[in-house]
Amino acid sequence: VQLQAYGGGLVQAGGSLRLSCAASGRTFSSYAMSWFRQAPGKEREFVAAVSWSGGTTYYSDSVKGRSTISRDNAKNAVYLQMDSLKPEDTAVYYCAFPIKPWDWPPLEYEYWGQGTLVTVSS
């Protein structure tokens, strides 16, 4: 199983970024997918999740209203559109596969991508 996240970069506060994650090695459409992030010196935290069909989403309070998670099962990809970025959004962002298929909300994760760095300048 491989997860490759990309799309991070340096952006000014108030700007936008779209993160992408390409998945392989599993029946992608059977699994919810999630994004996490880890800021320097902090623990990894949940950001958002999307159900296997894409029809249901869930966000942390820290990004709710500013971010949109989506997926394209035909491309085995999951996305995170982040708008109105704040300096506190600076972190390495990871996509993750949960352990169980058809699990909602996903609580346990098995595979993680390598992460993509988002830096928001003030």
Side-chain angles (χ1 to χ4, degrees):
V1 175
Q2 287 191 327
L3 294 167
Q4 184 171 0
Y6 54 97
L10 175 63
V11 63
Q12 288 188 334
S16 298
L17 277 177
R18 187 191 194 214
L19 306 184
S20 301
C21 174
S24 62
R26 270 188 167 176
T27 306
F28 182 75
S29 58
S30 299
Y31 291 83
M33 291 295 295
S34 296
W35 286 95
F36 286 75
R37 68 185 183 186
Q38 187 167 17
K42 295 187 177 181
E43 294 187 353
R44 186 165 53 194
E45 64 172 351
F46 169 81
V47 174
V50 59
S51 63
W52 47 90
S53 68
T56 304
T57 56
Y58 180 72
Y59 300 91
S60 68
D61 289 342
S62 60
V63 304
K64 191 179 298 181
R66 301 188 295 119
S67 296
T68 303
I69 187 172
S70 61
R71 66 189 294 158
D72 186 338
N73 286 343
K75 295 182 178 180
N76 284 6
V78 60
Y79 309 100
L80 184 67
Q81 174 69 39
M82 300 189 295
D83 302 313
S84 302
L85 282 162
K86 304 175 181 180
E88 51 263 45
D89 293 318
T90 295
V92 178
Y93 285 72
Y94 301 89
C95 52
F97 253 128
I99 292 176
K100 300 176 183 178
W102 317 117
D103 190 27
W104 185 261
L107 298 178
E108 296 179 296
Y109 293 83
E110 187 171 20
Y111 295 104
W112 302 83
Q114 86 289 357
T116 185
L117 176 63
V118 172
T119 303
V120 184
S121 63
S122 57

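When every heavy atom of C95 is checked against every heavy atom of V78, the shortest pair comes out as CB-CG1, 4.4 Å. Nearest heavy atom pair, residue A32 against residue P106, reads CB-CG, 3.9 Å. Shown here for S60 and S62, the closest heavy-atom pair between the two residues is OG-OG, 2.9 Å. D83 and S16 make their closest contact through OD1-OG, 2.8 Å (heavy atoms, listed as atom of the first residue, atom of the second, distance).
When side chains are defined from C-beta on, D72 counts as touching Y79, because their heavy atoms get closer than 4.5 Å. Side chains of R37 and V63 form a contact here, defined as non-hydrogen atoms less than 4.5 Å apart. I69 has its side chain out of reach of M33: every pair of non-hydrogen atoms, C-beta onward, lies at least 4.5 Å apart. The closest side-chain heavy-atom distance from M82 to R66 is not below 4.5 Å. Side chains of W52 and S29 form no contact here, defined as non-hydrogen atoms less than 4.5 Å apart.
One finds the OH atom of Y109 at 8.5 Å from the CG atom of D103 (value rounded to the nearest 0.5 Å). One distance of note links OH of Y31 with OH of Y111; it measures 8.5 Å at 0.5 Å rounding. Annotation: the span from K75 atom NZ to F28 atom CZ amounts to 12.0 Å, rounded to 0.5 Å. Between F97 atom CZ and S30 atom OG the span is 9.0 Å, to the nearest 0.5 Å. How far CG of D89 is from OG1 of T119: 11.0 Å, rounded to the nearest 0.5 Å. Between the CG atom of N76 and the CZ atom of R26 there is a distance of 12.5 Å, given to the nearest 0.5 Å.
Under the 3.5 Å distance criterion, the side-chain polar atoms of T90 are matched with a main-chain donor or acceptor of V120. Of the possible donor and acceptor atoms, none in the side chain of R44 sits under 3.5 Å from a partner among the backbone N and O of V92. Counting only distance, with no hydrogens or angles, the side chain of Q114 and the backbone of A5 share a donor-acceptor pair below 3.5 Å.
Look at K64 and D61 and you find a salt bridge, because one of the NZ, NE, NH1 or NH2 atoms lies within 4.0 Å of a carboxylate O, short of that distance.
L80 and L85 fall within the same hydrophobic cluster, defined by Ile, Leu, Val, Met, Phe, Trp and Tyr side-chain heavy atoms under 4.5 Å apart, directly or through other members. Under a hydrophobic-cluster definition in which Ile, Leu, Val, Met, Phe, Trp and Tyr are linked whenever side-chain heavy atoms come within less than 4.5 Å, directly or via other members, V50 and L107 are assigned to different clusters. Taking hydrophobic clusters as Ile, Leu, Val, Met, Phe, Trp and Tyr residues chained together by side-chain heavy-atom distances below 4.5 Å, Y93 does not share a cluster with L10.
The one candidate from Y58, W35, Y59 that meets the side chain to side chain contact (heavy atoms under 4.5 Å, CB included) condition with F46 is Y58.
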